[in-house]
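Right, one structure below, let's go through it.
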Amino acid sequence: MRKIILRYLIVMALTVFCHSIGRPQFNANASLSLINRVIPNRASDFVVEDLLSNEKADVFEIESRNNKIVLRGNNGVAVASALYYYLTHFCHCQITWNGTNLNIPAILPRISKKIHQSSPYQYRYYLNYCTFNYSMSWWDWKRWEKEIDWMALHGINMPLAITGEEYTWYNLYKEMGFSDEDLQSFFSGPAYFSWFWMGNLDGWGGPLPVSWMKSHMELQKKIIQRERELGMKPVLPAFSGHVPAAFKRKFPNARLKATNWKNGFDDTYILDPEDSMFAVVGKRFLKTQTKLFGTDHLYSADTFNENEPPSDDSIYLSKLSERLYKSMEETDPASVWVMQGWLFYSDRKFWKAPQIKALLNAVPDEHMILLDLAAEIEPVWKRTNAFYGKPWIWNMVHNFGGNISMFGRLDSLAVAPAEALNDKSSGHMVGIGLTMEGIEQNPVMYELLTQHVWQNETVDLNRWLDFYTLNRYGRSNTNARKAWEVLRLTAYNGKVIRDGAESIITGRPTFDSATVWTRTKLNYKPKDFLQAWDLMIAAADKCKNSDGFQYDLVDITRQALANYADLVHEKLARAYRDKERVAYKKYCDEFIQIITDMDSLLGTRKDFLLGQWISDARSLGNNTEEKALYERNARDLITLWGDKNSQLHEYSCRQWSGLLNDFYKARWKIFFEMTVDSLDTGKDFDPDAFNKYISDWELQWVNERKDYPTEPTGNSINQSIMLYRKYNIEIKADY
């Protein structure tokens with residue numbers, strides 16, 4: 001008997017050991033701490049336990065025991081997902097950027113039968129280089145901590161982690177003998193790191209204070225420590241060739257290639273992978289980074305991001321890819337190159353089958369993962385034979401520039417990931433992910449995508465919207481649910497246009513219906529959208545105490561007014577062409593009033609405040625000069641996006657309170673004053689002269705010093721109802 005017991009214990013010990021190989025050590029304290037942060041008043045009602053599993057991907061279990069809820073998982077992400085599953089499915093709660101409902105029943109609902117969920121996806125990827133600036137430029141640890149909790153609750157286990165990368169480069173180049181003066185024109189300002197990291201620009205928005213580099217190195221340490229404690233595997237950067245202009249002076253024999261992003265910025269310099277210095281720099285970078293931040297062997301590197309390579313020769317591209325990978329592999333034999341597949345979408349004229357094959361096939365399959373970055377728009381995997389055998393991840397990009405617009409592809413998103421997973425031609429699909437350029441808008445799209453994390457079948461969208469609205473508003477409401485059916489068929493039908501339409505309000509003033517980056521074409525008839533507004537107003541009395549409902553009603557009201565502004569703009573443009581001064585002045589006044597009303601409406605929600613963006617930027621400065629630099633960066637990114645002649649102006653426009661009144665409305669007023677004057681004098685309006693004048697005015701605004709409200713004012717529900725009563729009948733009559 002003793003021998004049998006001993007043998008049993010040995011087998012059990014070996015089983016535990018084997019199950020532990022290849023997975024992060026389970027950290028119960030990290031999970032308990034997350035629960036305390038998310039639901040501090042109810043944390044004692046939950047028990048956390050480790051769950052050993054033979055399954056390849058993450059797994060969790062939930063059951064009731066002794067009046068408590070037991071959450072088991074193979075890591076912290078699985079435990080957090082178990083918590084969110086329980087909160088959403090049994091307590092009808094919801095946690096989003098734009099509205100949270102944590103009205104947990106006093107007596108926790110019991111689970112009659114143990115729940116067991118496993119993910120069909122080894123990886124659940126999160127973030128885009130651009131997100132780190134369009135949304136995260138000014139985040140401190142408190143905001144990052146909240147986001148990491150959101151990631152864990154939603155099943156994310158593979159986040160891009162590039163905060164503080166500039167400090168790694170600073171250390172490396174100082175060790176290589178570069179002076180601060182050499183590097184001053186290299187590092188960009190903090191609002192432009194994404195494009196600096198990707199090799200698109202140098203120096204813009206700087207000079208970058210060393211204090212920023214040091215503080216964000218410390219911030220990165222906190223970020224990756226928390227992510228790893230929860231069982232995530234952060235993706236850190238690797239060297240892809242981008243070097244300072246001073247590199248040529250320091251190493252005269254180095255083979256550098258000038259490249260240009262074609263958006264009005266100066267050339268940047270790429271070190272030829274065939275140059276012996278490429279491997280030297282690549283290895284030293286990874287060693288320096290690993291010493292600072294450790295590694296999970298996942299490295300992000302993108303060659304020629306929105307820059308065309310100097311040659312389409314397959315041999316050249318293959319050697320380039322091989323050498324880039326070798327610079328990782330020789331330092332870290334377990335390295336896996338995580339490549340954004342954006343270039344295959346954005347420059348399809350160059351990246352045809354021979355070029356893509358050459359770039360990918362030079363790297364062993366097990367050492368590369370491709371991100372199909374905008375699979376919901378155009379699944380590149382379908383025209384590349386699933387990336388020619390490489391492991392790949394299906395991603396939704398959804399938002400460009402952090403713009404504010406109700407948009408998405410609800411019906412498609414409900415089925416596309418699962419259809420790809422179950423498609424025999426999808427090859428080695430190992431995950432799903434979120435790669436949006438900006439976050440903190442359209443929460444429905446992100447709740448729906450993360451619904452796929454724990455299932456391999458398509459989502460029944462009708463049932464899911466019932467579930468979503470119940471959790472979001474804390475109650476079932478017929479009018480609110482009907483409103484979401486209208487939204488599904490209008491703003492969220494995902495047809496006709498690539499990404500969310502903008503209102504002409506945020507475009508540089510013109511009589512045209514759209515400007516360079518302000519695309520006003522809607523994917524629905526604006527009159528049809530008004531039905532959602534009607535229904536949400538009807539639901540307001542019953543749902544008004546819901547944070548999520550308040551946000552949604554404000555957003556729908558904002559969208560209705562933004563759409564209507566496009567129509568008023570058409571009227572004023574026509575009146576101007578017909579030289580009808582009285583009518584023109586009338587429509588100009590109406591247009592200005594719409595902007596004023598939108599600003600007041602958006603001022604009732606913290607989600608839509610320019611003041612928060614500016615205040616957060618300034619708070620990171622240690623002195624007057626740094627605060628001014630960061631405010632200038634913050635103002636420039638969301639307006640000019642460069643100098644006054646930037647081709648990207650308005651790309652990252654925002655419908656925010658403060659920005660609407662102080663920038664967009666002021667700009668339109670100048671336009672209207674000049675055009676009214678042209679009608680009065682009989683002189684033709686000169687749009688080129690206006691654009692020159694207004695670009696100078698915009699630059700002046702970027703360089704101003706001004707505080708804006710950081711706390712909301714007014715009542716979201718009352719303000720929305722007031723504007724509904726003011727505009728609804730008039731808008732419907734005009735449509």
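For the residue pair L208 and S188, the shortest heavy atom distance occurs at CB-O, 3.5 Å. Looking at every heavy atom in both residues, Q455 comes nearest to Y121 through O-CE1, 4.0 Å. Considering every non-hydrogen atom in both W337 and S321, the closest pair reads CZ3-OG, 3.4 Å. Annotation for A414 and L448: closest pair N-CD2, 4.1 Å, computed over non-hydrogen atoms. In plain terms, the two heavy atoms of M158 and V235 that are nearest each other are CG-CG2, 3.8 Å. Across every non-hydrogen atom of S53 and E55, the tightest pair is OG-N, 2.9 Å.
Using a 4.0 Å cut-off between charged side-chain N and carboxylate O, E145 and K142 make no salt bridge. With salt bridges taken as basic N to acidic carboxylate O contacts below 4.0 Å, none links E330 and K287. Ion pairing between K174 and D180 holds under the 4.0 Å rule for side-chain N and carboxylate O. Salt bridge present: D296 and R228 bring a charged side-chain N and a carboxylate O closer than 4.0 Å.
Counting only heavy atoms from C-beta outward, the side chains of K326 and L324 never approach each other to under 4.5 Å. Side chains of I62 and I69 form a contact here, defined as non-hydrogen atoms less than 4.5 Å apart. Inter-residue side-chain proximity for V338 and Y299 is flagged as unmet; no heavy-atom pair is nearer than 4.5 Å.
Note that OH of Y129 is 5.5 Å distant from CG of L160, once rounded to the nearest 0.5 Å. S300 OG to Q340 CD: the interatomic distance, rounded to the nearest 0.5 Å, is 5.5 Å. Between M436 atom CE and L449 atom CG the span is 9.5 Å, to the nearest 0.5 Å. Of the inter-residue distances, the one linking S318 atom OG with N361 atom CG reads 7.5 Å to the nearest 0.5 angstrom. The CG atom of D140 sits 11.5 Å away from the CH2 atom of W144 when rounded to the nearest 0.5 Å.
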Practice item. Tell me, with the steps shown, if Y126 and E147 meet side chain to side chain donor-acceptor pair (under 3.5 Å). Key: CA-CA 11 Å; Y126 188 55; E147 192 70 14; 2.6 Å; yes

Practice item. Please test W169 against F285 for ring pair (Phe, Tyr, Trp, His ring centres under 6.0 Å), starting from the C-alpha separation and ending with a verdict. Key: CA-CA 7 Å; W169 282 116; F285 174 80; 4.3 Å; yes

**Study point:** Pair M429-I432, side-chain contact (heavy atoms from CB on, under 4.5 Å): steps then yes or no
**Key:** CA-CA 8 Å; M429 178 181 168; I432 55 172; 4.0 Å; yes

Check your understanding: Between Y125 and L434, does a side-chain contact (heavy atoms from CB on, under 4.5 Å) hold up when you go through it step by step?
Key -> CA-CA 6 Å; Y125 185 81; L434 293 164; over 6 Å; no

Exercise for review: Just do the side-chain contact (heavy atoms from CB on, under 4.5 Å) check on W351 and S346 with the steps written out, would you?
Suggested key: CA-CA 9 Å; W351 292 103; S346 66; over 6 Å; no

Exercise for review: Show your working on side-chain contact (heavy atoms from CB on, under 4.5 Å) between Q117 and V59 and close with a plain yes or no.
Suggested key: CA-CA 6 Å; Q117 293 283 116; V59 58; over 6 Å; no

**Study point:** F186/F178 under ring pair (Phe, Tyr, Trp, His ring centres under 6.0 Å): CA gap, chis, key distance, verdict
**Key:** CA-CA 11 Å; F186 182 53; F178 287 77; 8.6 Å; no

Check your understanding: Going through the checks in order, is the side chain to side chain donor-acceptor pair (under 3.5 Å) test met by Y192 and D636?
Key -> CA-CA 10 Å; Y192 301 93; D636 184 83; 2.2 Å; yes

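Counting only distance, with no hydrogens or angles, the side chain of D332 and the backbone of L286 share no donor-acceptor pair below 3.5 Å.
E447 and H154 are linked by a side-chain donor-acceptor pair at a separation below 3.5 angstrom, with hydrogens and angles left out of the test. Checking E329 against S335 by side-chain atom types alone, no donor-acceptor pair falls below 3.5 Å. Side-chain contact check for N128 and T435: no donor-acceptor pair (N or O, by modelled atom type) lies under 3.5 Å. Looking at Y170 and E165, their side chains never bring a donor and an acceptor atom within 3.5 Å of each other. Using modelled atom types, one finds a donor on one side chain and an acceptor on the other under 3.5 Å when comparing D58 with N74. Residues Q612 and K606 bring a donor and an acceptor atom of their side chains to less than 3.5 Å of each other.
With sequence neighbours left out, the side chain to side chain contact (heavy atoms under 4.5 Å, CB included) criterion links T88 to Y84, F467, N471. Scored by the ring-ring contact (aromatic ring centres under 6.0 Å, His included) test, Y167 finds no partners at all (sequence neighbours excluded).
Y630 has its ring centre less than 6.0 Å from the ring centre of W212. Ring to ring, F46 and Y86 are close: their centroids are under 6.0 angstrom apart. Between Y269 and F247, the ring center distance fails the sub-6.0 Å criterion. Taking the ring centroids of F239 and F278, they lie under the 6.0 Å cut-off.
Both tests hold for R124 against W454: distance to the six-membered ring centre under 6.0 Å, angle to the ring axis within 45°. Under a cutoff of 6.0 Å and an axis angle of 45°, R654 and W613 form a cation-pi pair.
Taking the six-membered ring where the residue is Trp, W641 and Y134 present perpendicular rings, their angle passing 60° and hence far from 30°. Note on ring orientation: taking the six-membered ring where Trp is involved, the planes of F407 and H398 are parallel (angle under 30°, cut-offs 30° and 60°). Under the 30°/60° scheme for interplanar angles, the aromatic rings of F193 and F196 are found to be tilted. Using cut-offs of 30° and 60° on the angle between ring planes, the pair Y446 and W97 is perpendicular.
Considering K222, K233, M232 in turn, M232 is the only one that fulfils the side chain to side chain contact (heavy atoms under 4.5 Å, CB included) rule with E227.
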